[in-house]
Amino acid sequence: MKRVALTVTLGLVAAAHAQKVQAPIPIGVALAQTGNVALLGQEQVIGARLAEKYINARGGINGTPIRLIFQDASGDENTAINAFQNLISKSNVVGIVGPTLSQQAFAADPIAERARVPVLGPSNTAKGIPQIGNYVARVSAPVAVVAPNAIRTALRLDPKIKKVAVLYAQNDAFSVSETGTFQETAKAQGLDVVTVQKFQTTDTDFTTQVTSTLNSDADLVIVSGLAADGGNLVKQLRQLGYKGLIVGGNGLNTSNIFPVCQQYCDGVIIAQAYSPAQPSAANQVFVKDYRAQYKKDPPQFAAQAYAGVQVMADALRVIDRRKKLTTWELPALRTELNKQILAGKYNTPLGELRFDKDGEILQKQFYVAQIKMKDAKNGSFVFLK
Ligand code: 1QQ
């Protein structure tokens, strides 16, 4: 009995090793498609799908199509880990674009690292993400680089700002990282951080934090949280009478907060790692395809997810020219893909980008936008000069 079982197990291991990569080339996508974090993830799914369509319409990988395999990573660590495990072991993907949150990346990326599967973070902006492992890179510029632009813009709009209230979600790794950057930047700009208030991404009532903020007499409020909590916090700040400028972090960087904070979203300043006006040819194609389908400009999270899929495809194309993808065994191709991702230079909707040896994105241009609401439902992100 025992010997039979052992033989079968060894047979399976041998099969996995001999397994050739099959067309269409499977690329895993693990994003938040359900739950509150889907307010952010939905835009990423749209961006990834547009990239797949565009790449395959132009012949895929030198004639071989790609296929995106979506596994809903939802908003928690465990859901992200499950999505990664399924993509790696059941779907045999060559690489993964995901997850949505840094909080999830710190839990799920080590799974891919151990399996030697390349990961591109499409929206993981906390400090330390590329350092999770050799197989982890990101197309999402870190908050340490992006976020300070929002404070500088706030000071330009209102040079009299002196006192700053900072609020952040203490149960979220990105929010903790971003508030660190915001607080350092505020101090470096000569501002007084008069109060620091904490909340949870699951909170819906912010009366305590808003009351302390109003009592602090701050003339700038900076919020680091995710979309649902961040949107509610902005709304309650305005409803309870806060009149000054508000800087929101990357977790509020979606028009999906409009139904949450409604007319009170108006005026929120958010730094951007993408602009629809980015002049690259790659961006012009992306903007045209996005507008044709959605009748508005593409948001940052869609552009970054698109760039993530594009980087995978561009790197695969280089490898395929040396040795046809369908002649590779899966583990060897995963390792080669990781090497090629880090070696390449990419013309994406984010502009030209490459990676440093850790897998950190090297990107040139950043922007700042301000939310303009027409009424309680309709609004847009207006890019500031
Ligand atoms: C992170 C983020 C989120 C706000 C992206 C959706 O930047 O978790 O790193």
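Indexing begins at 1, ligand by ligand and atom by atom, following the structure's order. Side chains included, hydrogens not; waters and symmetry mates left out as well; all remaining heavy atoms used.
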Per-pair distances, ligand 1 N/O vs protein N/O, less than 3.5 Å:
{"residue": "ligand 1", "atom": "7 (O)", "partner": "Ser123", "partner atom": "O", "Å": "3.2"}
{"residue": "ligand 1", "atom": "7 (O)", "partner": "Thr125", "partner atom": "OG1", "Å": "2.8"}
{"residue": "ligand 1", "atom": "7 (O)", "partner": "Asn250", "partner atom": "ND2", "Å": "3.0"}
{"residue": "ligand 1", "atom": "8 (O)", "partner": "Ser102", "partner atom": "N", "Å": "2.8"}
{"residue": "ligand 1", "atom": "9 (O)", "partner": "Ser102", "partner atom": "OG", "Å": "2.5"}
{"residue": "ligand 1", "atom": "9 (O)", "partner": "Ser123", "partner atom": "O", "Å": "3.2"}
{"residue": "ligand 1", "atom": "9 (O)", "partner": "Thr125", "partner atom": "N", "Å": "2.7"}
{"residue": "ligand 1", "atom": "9 (O)", "partner": "Thr125", "partner atom": "OG1", "Å": "3.2"}

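Not a single donor-acceptor pair under 3.5 Å links the side chain of Glu43 to the backbone N or O of Pro299.
No option in Arg317, Lys324, Arg322 other than Lys324 meets the salt bridge (charged side-chain N to carboxylate O under 4.0 Å, His left out) test with Asp320.
Minimum interatomic distance between Ala165 and Ser216 (heavy atoms only, all atoms of both residues): CB-OG, 4.2 Å.
Under the 4.5 angstrom side-chain criterion for Ile, Leu, Val, Met, Phe, Trp and Tyr, the cluster partners of Val166 are Ile151, Leu155, Leu157, Ile161, Val164, Tyr168, Val176, Phe182, Leu191, Val193, Val196, Leu220, Ile222, Leu245, Val247, Ile269, Val368, Leu384.
The stretch residues 279-308 participates, sequence neighbours left out, in no disulfide (SG to SG under 2.5 Å) pair at all. Here salt bridge (Lys or Arg N to Asp or Glu O under 4.0 Å) pairs that include residues 131-152, with residues two or more places apart or in two chains, are Arg138-Glu360.
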